[in-house]
Every structure is written in C-alpha cells, then in structure tokens.
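Chain letters run A, B, ... following the sequence lines, proteins first and then strands; every chain starts at 1. Atom set for the values below is all heavy atoms of this structure, side chains included, hydrogens, waters and symmetry mates excluded.
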Amino acid sequence: MSKPSIPEGTRDFGPEVLAKRNYIFDTIKKVFLKYGFQPIETPTMEKLSTLTGKYGEEGDKLLFKILNNGDFLQKANQDALSEKNSTKLISSICERGLRYDLTVPFARYVVMHRNEITFPFKRYQIQPVWRADRPQKGRYREFYQCDADVVGADSLMHEAELVKIYDTVFSLLNLKVIIKVNNRKVLEGVAEVAGISDQFMDMTIAIDKLDKIGLDGVKKELLDRGISENAFEIIEKVLKSKTLSEISALLENSEIGKKGIEELKKFHTYLDPLGTDNEVQFDITLARGLNYYTGCIFEVAAKDTPMGSIGGGGRYDNLTGVFGLQGVSGVGISFGADRIYDVMETLQLFPESAQKQLQVFLVGLDDATHLFAFQCAAKLREKGIVTDLFPEPAKIKKQMEYANKRNAAYVIVIGEEEMQTGKLSLKNMQNGNQEKLSLEEIINLITHTI
RNA sequence: GAGGAUGUAGCUCAGUAGGUUAGAGCGUCGGUUUGUGGUUCCGAAGGUCGUGGGUUCGAGACCCAUUUUCCUCCCCA
C-alpha cells in the first residue's frame with residue numbers, strides 16, 4: 001500500500017488557504033456584478049471537437065483527453081493502433097476533453113443558446129481549467145480562471161470598461177499592477193508594412209520576447225524564422241518608438257494598421273476621463289498567444305514581484321464563427337486567480353479579515369455554563385455572527401488554545417459569575433484586552449466593528 | 001514534448017570516505033495542582049530515509065528505472 005497522493009500539478013486547499021482564495025474570488029465577483037455581468041457555468045468536459053483546433057497546435061497537445069467508456073479498443077482506429085500512432089488514435093478513442101479555458105466553452109454556449117440570449121450579453125464565469133503543461137512556479141495543471149466577456153457589441157466602450165475592471169479589482173486587492181494594452185491590427189499593420197503578412201505569427205512570437213531576450217535576441221529569432229534583414233529594420237523602428245503617434249506615422253501605408261491605431265485612440269477616449277489607479281501602458285511588444293484575438297489585447301503584470309501575467313484578454317471578432325454563428329463580436333478579460341494568490345502571498349497582501357473567519361468563540365467552564373454558552377451561541381448566530389464553541393466543558397486553557405488555533409477574533413468566557421450577572425467576559429484575541437459586557441452589548445460591538 | 005536539479009518525521013533541514021538501535025528546530029499530543037491563548041517549564045508520540053529493482057558481508061548514502069517538486073526551453077493564467 002503506497003502513500004496516497006494527487007496527480008502532478010494539482011493541489012489540495014486547506015481552510016486557511018481557501019479563505020484567502022475566496023477573498024480573491026469574492027472581490028472579483030463583486031466587481032463583475034457591479035459592471036452588470038451575469039454568471040454562467042459550463043461543464044468540466046467538452047466534446048473534443050469543440051476544443052481542438054482553437055488553441056493552435058501547441059494548445060491541442062496540452063488538452064487533457066478523456067478515454068471513452070466501454071470497450072473503446074474495439075472501436076479504435078485499427079491502423080493507428082498497429083502503427084502505434086497516438087495522435088491518429090486519439091480521435092477514435094476519445095471524444096471528450098477537460099476544458100482548457102473559459103472563452104471557447106463560452107463561445108460554444110453563445111452559439112447553442114443564441115435564441116435565449118439578449119445581446120449584448122455580458123457574462124462572467126469563475127471555474128477551473130486544465131492544461132497538460134509541465135508544472136512550474138505559477139503554472140499548474142488545474143487552475144482557476146475568472147472571465148468576464150461581452151458578446152454582441154463592437155463598441156470600444158467595453159474595452160475601456162474591462163480595463164477599468166482590472167484596475168478596480170487590483171486596487172481592492174491592494175496589488176500594484178501594470179495593465180499593458182496593444183492591438184492586433186496594429187501588429188498586423190507592422191507585418192504588412194514590413195512585407196511579411198504571411199509570417200505574422202512568427203513576428204509576434206519573436207517581438208513578444210523583447211523584454212526577455214533584447215533587441216538582438218529578437219533579431220536572431222526573426223532571422224531564424226526566415227524573416228529578411230529589410231523587414232527587421234522596419235520592425236526595429238516600430239519597437240524603438242515609444243508612443244502611439246510615432247507608430248501611427250510608421251503605419252501610414254497600412255489600412256489595417258491605421259484601423260488599429262484608431263481603435264486604441266477610441267479606447268482611450270472612453271477610459272481616460274475615468275482615470276485609473278494603476279498604470280495603463282501601451283506596449284507594442286504585447287502579442288498574446290491565443291490566436292483568436294483580432295483587436296485590442298490586454299495583459300496584466302504584477303509590479304513588485306516577478307511572475308508571468310496574472311491576467312489577459314482582448315477582442316475577438318470571429319470566435320463564434322467557428323461554431324457557425326457569424327458577425328458576433330466579443331471582448332473579454334481573464335484573471336488568473338492562482339497566480340494572483342501566489343503574488344499576494346509573497347507580498348503578504350492578504351488582510352487580517354481574509355484570515356479571521358471565526359468571529360466569536362464561546363468558552364463554558366462547567367456543564368451549566370456550557371449549556372448557557374450554547375444558548376448564547378444560538379443568539380449570536382441568529383444575528384449573523386460566525387460563532388462556535390467547544391463540544392463540552394473543558395479546562396479554560398485548552399479551550400483558549402483551541403480558540404487561538406481557530407483564529408477567533410473574540411472569545412467569550414462564561415463562568416458561574418458571568419452566567420448569574422449576565423455580564424460576560426469578552427476577550428479581544430488580537431490585543432488581549434478583556435471587558436465585561438452583556439450579550440446585547442457584545443452583539444452591538446461586533447456587528448458594528450465589522 | 002526537450003534538457004537540468006531535487007525528494008530523509010506534519011513542516012524546514014542535518015546525516016561526515018557505505019558499517020551497530022537515523023538526528024535537530026518548529027509543529028502535534030500530554031502534563032506543569034485546577035478562570036485565560038498567541039509569549040514559561042517538563043515529557044511523549046511520530047520515519048520500512050519518494051517508489052521498485054540492482055551492486056555489496058552490509059546502502060539514507062553507489063548504479064538503473066519510475067515518480068514528485070523546482071528551474072530553463074516551448075507556451076501561457
């Protein structure tokens with residue numbers, strides 16, 4: 001009998017961790033709701049046909065596939081089986097897979113429910129996703145995404161709205177971030193001007209790495225990918241320009257490029273009057289891998305600690321198109337809750353309130369006071385105060401230790417004297433202060449300090 | 001998917017050139033003569049040394065395989 005364990009890249013969450021995780025989820029949820037987004041959920045597994053081909057070749061490899069039930073080998077592709085060709089075999093033995101993100105299932109949802117949905121449709125979705133990636137720091141095989149998307153509206157108001165949501169959530173979490181913004185059309189314009197429209201993907205992948213490998217590294221990568229020196233010189237000019245207007249000048253001869261610049265300007269006319277707590281920064285090197293983005297793209301990076309992106313999103317014009325619904329534009333953002341957690345943990349940003357779940361712990365010293373404490377607990381709970389007590393009268397020290405481990409904010413000690421006078425001993429576990437108050441006074445105090 | 005490092009009590013780690021009953025701190029549990037935790041003092045429990053093979057008279061230490069975690073690459077939240 002071996003020790004029990006869980007699959008690579010997955011984790012258990014204990015009460016303390018979950019309290020902090022929920023603090024993140026609750027904050028995000030609250031802001032989503034405030035902006036008029038409505039929650040939906042989709043199944044853990046989707047048909048493989050829904051998922052494959054949506055995330056590029058690499059993405060397909062990272063999909064978790066679910067083996068068919070029953071005698072799947074009977075129905076398997078016998079050629080693939082004898083050739084031991086796994087890729088070829090998959091389609092005949094797996095017809096379902098675990099969801100890889102929330103956007104594609106959402107697109108599928110929109111198409112399936114198009115007649116029930118009133119457009120523009122604003123939905124949010126907080127659910128786990130799975131990727132068969134090699135786990136690393138900040139990278140798990142099971143992790144949560146918190147998505148907000150708007151479909152059925154072209155207005156760049158929504159881009160501004162979503163960036164404002166990023167700003168609001170991270171302000172509430174007290175996490176300093178940089179929100180990077182770019183536009184795929186601008187990047188396409190660059191490729192066009194450089195004469196390498198057919199190698200658009202190669203170009204974006206390379207320039208995305210600028211801050212990591214430097215200009216020389218980008219050059220090498222571009223040349224390795226078969227892009228000419230001439231084309232690179234144009235790209236170099238673009239990379240060296242810092243502002244929108246500088247790039248705008250370089251894209252004079254590209255219709256699509258100019259369109260992208262226009263979109264960014266429009267986005268700013270919505271966002272700028274609102275103002276943001278965090279820096280919103282135009283970043284021409286921002287590319288984003290998922291190849292369904294077509295307009296503005298966003299990425300969020302934590303300021304005070306190195307970590308991959310903790311959020312990303314953008315505009316996609318054609319997403320529902322692959323499921324047969326044309327002409328529906330969407331724009332969305334995603335929060336990577338697990339990475340946000342890791343960053344907040346290293347920066348110690350979780351407030352005390354996210355860790356103090358138990359507000360009151362009652363201590364009864366003998367049978368009579370324990371019974372009385374149980375009745376007090378009922379009254380506190382009626383008032384919505386999170387209350388607990390020991391299952392039986394026990395030594396005060398033992399009960400205090402337990403209350404401390406449970407991280408209780410207050411302890412009420414009830415002995416014979418307290419029960420008779422009705423003045424209970426209320427101890428603040430934070431500073432150790434203790435005073436005698438009636439249960440009503442205690443209820444007042446606690447409901448008002450929260 | 002490619003390459004590299006790693007795995008010893010619940011946690012963080014010691015363990016000297018392979019040699020008797022594998023250690024520490026923290027944590028856990030129990031006491032400290034009975035109404036106060038986080039912050040006295042005393043004591044106890046807890047490990048077939050990731051797993052499976054192999055070399056050896058003998059392996060936690062050496063070899064092989066496998067697995068976990070971490071780090072590059074790829075890509076991303």
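With A:Phe143 as the aromatic partner, A:Arg131 does not meet the cation-pi criteria of under 6.0 angstrom to the ring centre and within 45 degrees of the ring axis.
Within the structure, every side-chain polar atom (N or O) of A:Gln434 is placed at least 4.0 Å from both OP1 and OP2 of B:U36. Applying the 4.0 Å criterion to OP1 and OP2 of B:U32, one finds that A:Lys395 has a side-chain N or O inside that range. In terms of phosphate contacts, A:Lys209 brings a side-chain nitrogen or oxygen within less than 4.0 Å of OP1 or OP2 of B:C74. For A:Lys137 and B:U69, the shortest distance from a side-chain N or O to OP1 or OP2 is not below 4.0 Å. An OP1 or OP2 oxygen of B:G38 is reached within less than 4.0 angstrom by no side-chain nitrogen or oxygen of A:Lys397.
With a 3.5 Å ceiling on both atom-pair distances, the Watson-Crick or G-U wobble partner of B:G23 is B:C13. For B:C73, the paired nucleotide is B:G1, the pair qualifying as Watson-Crick or G-U wobble because both relevant distances are below 3.5 Å. Nucleotide B:U66 is matched to B:G50 when pairs are restricted to Watson-Crick or G-U wobble geometry with both distances under 3.5 angstrom.
Closest to the side chain of A:Met400, out of B:U36, B:G30, B:G35, is B:U36. Considering only side-chain atoms of A:Arg225, the nucleotide from B:A77, B:U69, B:C75 that sits closest is B:C75. Of the candidates B:G30, B:G35, B:C76, B:G35 carries the atom nearest the A:Val413 side chain, counting heavy atoms from C-beta on. Distance from the side chain of A:Glu8 is smallest to B:U69 among B:C76, B:U69, B:G35. In this structure, of B:C75, B:C76, B:U72, it is B:C75 that holds the atom nearest to the side chain of A:Asp133. Nearest nucleotide to the side chain of A:Lys212, out of B:A77, B:C71, B:C75: B:C75. Among the nucleotides B:C75, B:G37, B:G35, the one closest to any side-chain atom of A:Met429 is B:G37. Residue A:Arg134 places its side chain closer to B:G3 than to any other of B:G35, B:G3, B:A77.
Across all non-hydrogen atoms, the minimal contact from A:Val343 to A:Thr305 is CG1-CG2, 3.4 Å. Nearest approach of A:Tyr144 to A:Asp338, heavy atoms of both residues: N-OD1, 2.7 Å.
Between B:A77 and B:A17, the two C1' atoms lie 49 Å apart (nearest whole Å). Nucleotides B:U36 and B:U32 place their P atoms 13 Å apart, quoted to the nearest Å. Rounded to the nearest Å, the gap between the C1' atom of B:A24 and that of B:G53 is 33 Å.
Donor-acceptor pairing under 3.5 Å, judged by distance alone, is absent between the side chain of A:Arg139 and the base of B:A77. One can find a donor-acceptor pair under 3.5 Å joining the base of B:G35 and the side-chain atoms of A:Glu418. Side-chain to base pairing of A:Asn404 with B:G38: no donor and acceptor N or O lie closer than 3.5 Å to each other.
Of the two residues contacting RNA chain B, namely A:Gly9 and A:Gly415, the nearest-nucleotide position lying further toward the 5' end is that of A:Gly415. Residue A:Pro7 is the one, among A:Glu221 and A:Pro7, whose nearest nucleotide of RNA chain B lies closer to the 5' end (criterion: closest heavy atom).
Counting non-hydrogen atoms under 4.0 angstrom, A:Ser334 reaches nothing in the nucleic acid. Note on A:Gln399: nothing from the nucleic acid sits closer than 4.0 angstrom, heavy atoms only. Using a 4.0 Å heavy-atom criterion, one finds that A:Ile340 contacts no nucleic acid atom at all. Among the protein residues, A:Gln136 comes within range of the nucleic acid bases, having at least one heavy atom under 4.0 Å from a base atom. Across all strands, A:Gly56 comes closer than 4.0 Å to no nucleic acid atom at all (heavy-atom distances). Nucleic acid contact for A:Gly138: base, since at least one base atom lies under 4.0 Å from a heavy atom of the residue. As judged by a 4.0 angstrom heavy-atom cut-off over every strand, A:Lys427 is placed among the base-contacting residues. Looking at heavy-atom distances under 4.0 Å, A:Tyr140 makes contact with a base. Residue A:Glu299 is out of contact with every strand shown, counting any heavy-atom pair closer than 4.0 Å. Among the atoms of the strands shown, base atoms are found under 4.0 Å from some heavy atom of A:Ile396.
A:Ile6 has its CD1 atom 11 Å from the C1' atom of B:U68, to the nearest Å. The interatomic distance linking A:Tyr402 (OH) with B:G35 (P) rounds to 21 Å, in whole Å. Put simply, NZ on A:Lys61 is 11 Å from C1' on B:C75, counting in whole angstrom units. Taking atom CD1 of residue A:Ile213 and atom P of nucleotide B:U72, one finds them 15 Å apart after rounding to whole Å. Between the CG atom of A:Leu426 and the C1' atom of B:G37 there is a distance of 15 Å, rounded to whole Å. The CG-P distance, from A:Leu424 to B:G35, rounds to 18 Å in whole Å.
Between A:Lys303 and A:Glu279 there is a salt bridge, since at least one side-chain N of the basic residue sits less than 4.0 Å from a carboxylate O of the acidic one. A salt bridge links A:Arg406 with A:Asp388: at least one charged nitrogen is closer than 4.0 Å to a carboxylate oxygen. A:Glu95 and A:Lys47 are not joined by a salt bridge, as no carboxylate oxygen comes within less than 4.0 angstrom of a charged side-chain nitrogen. The residues A:Glu263 and A:Lys185 are annotated as salt-bridged, a charged nitrogen and a carboxylate oxygen being separated by less than 4.0 angstrom. A salt bridge links A:Asp224 to A:Lys220: at least one charged side-chain nitrogen sits closer than 4.0 Å to a carboxylate oxygen.
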